[in-house]
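Whatever order the structure lists them in is the order used to number ligands and atoms, beginning at 1.
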Amino acid sequence: MSGTRATPATGTTRQAGRTPAGGARAQVSTSDLSGDTYIRRAGRQLIVSIYGAMRVIRLYPPENEAVRNALADLAETARALREKEHELELRASNEFIFVNSTRLRLDLDNYASFSQILSVLRACGVGVVRVHGGAQARDWLVFLSLLLSQSKSDDDVTAFDLTERLAAAGVEAFALGAPLVTDDDSDYLQRAKEAAKRTYSQSVAVTKEVMNSVRMGASPNIKKIKRVVQTIVDQILNEETSLVGLTTIRDYDEYTFTHSVNVCIFSVALGRRLGLSKMQLYDLGLAALFHDIGKSRVPLTVLNKVEGLNDDDWRWLAAHPWLGVLALFHMRGQQELPYRAMVVAYEHHMKTDLTGYPKSTRPRLQSIFSKIVAVADGFDAATSRRAYQTVPLSPAAVLAGMRDNPRRGMDPVVVKGFINLLGVFPVGTLVVLDTFELAVVHATNPNPTAISRPIVRIVSDDRGNVLFPGHLVDLTEQKGDGTFARTIIKTENPDRYGINVGDYFV
Ligand SMILES: [Fe+2]
Ligand SMILES: [Fe+2]
């Protein structure tokens, strides 16, 4: 393998992804020629062989001579490539195919084979195929047949499911990975990110308007806020990561408003995981956005107090759940009262054992919406910097507390769903890697078994140089010897490093 490509795969992938196809040709230096020209040529040959094999597998039974020849040819092409390069990894990213981190050039001759293979991999939820040594013709037959049949079926599978099925068929020659979401340059992600930013700032603005008008004694129109909630729900159903990432901004000055929007985003994303329908998510989102509306009736002098809250102040604060119910009664433009929002406003500080507030005189069950909002609210409040909480807790510590401390009074099933949503290391956590790099958790891994190996953004190199905007890597990525390229050692307080986590999400 040439020295220039010994860098971690993703770094090279990003560079390659950014280089326009024509530009790459102009920039090839003499030292690259031997390695890169070889891998490009051999890589294309491999794609053509895979395509050829897929075509005959579809047409003829496995014992047919055309099938046997195509598979023998494919196995040999792959073997030779792997032998020369010591590894063989195919990666599909957007419209490109990479072989061992080198992007193959697409031209008219290979257009059909490229697009066919890309669409089959996409339909199967596969983004990475690692080919081990010793892959025989039979292994390729089983693998390609599985991909072909799966790509035509309607059930959703992951790369992980397919690896299991291959193992069940006795085929161990391939390791499959989910498509990487590490391509920052993709138009789709860029558009989703822009849309998320618009949705977020618009939601904060409308929430501010509504809460301020309640404070002024007016009765605000609920229609506007309903539209905001619908946009949030639609966005989450469409692409969740961007909007959930924005919750890490945690603007100190706008805490009351960003908090409401964050709780809404978390609740909707969590409700979706718990299987709520779109209509239910609209209802839940509205309730979540309004959960603290009662605070608009608490004097600002109490809300902004830094320390020394007296009994009266606490009474005001503890009243915000039922003050919220009153505020909701006064909303305009509402044929029916937002009943669920009232319940959530009233119940969101209750605990599962009813020890929270307001005090319940009779036994009652907290509604599922209230349980969801309580978890989202507890998480956002504990991880934010506020007037009376100058040092926010690390998101991972907060999640662990919710899960392990029964006194927090959270519903264990809802907390579990929340941990599945955010990962063991929630989005926005600053982590130290075993490479001595620092990284900010960007998203959970698409592979559901890799709950402690999220997608992270490297924000500081091994010598402590801060990188901005940094680059994304998948922590399930492995080195040539099968060990992980990077692993989280511990979480860290971003303040210690002067890092503002929210900056990496806008
Ligand atoms: Fe509250
Ligand atoms: Fe709250």
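Within H349, the N, O or S atom at minimum distance from the Fe ion (ligand 1) carries the name NE2. Within D292, the N, O or S atom lying nearest to the Fe ion (ligand 1) carries the name OD1. In H320, the N, O or S atom that comes nearest to the Fe ion (ligand 1) is NE2. Looking at H291, its N, O or S atom nearest to the Fe ion (ligand 2) turns out to be NE2.
For NZ of K197, the number of neighbouring non-hydrogen atoms (other residues, nucleotides, ligands) closer than 6.0 Å is greater than 12.
Coordination check, D377 versus the Fe ion (ligand 1): failed, since every N/O/S atom of the residue sits at 2.8 Å or beyond. Taking 2.8 Å as the threshold, H348 does not count as a candidate ligand of the Fe ion (ligand 2), since none of its N, O or S atoms lies below it.
Ring geometry for H349 versus Y357: interplanar angle under 30°, hence parallel rather than tilted (30 to 60°).
There is no side-chain donor-acceptor pair under 3.5 Å between T199 and Q202.
Ion pairing between a basic and an acidic side chain is recognised when a charged N comes within 4.0 Å of a carboxylate O; R198 and E194 show no such pairing. Classification of R453 and E477 as a salt-bridged pair fails, no side-chain N sitting under 4.0 Å from a carboxylate O.
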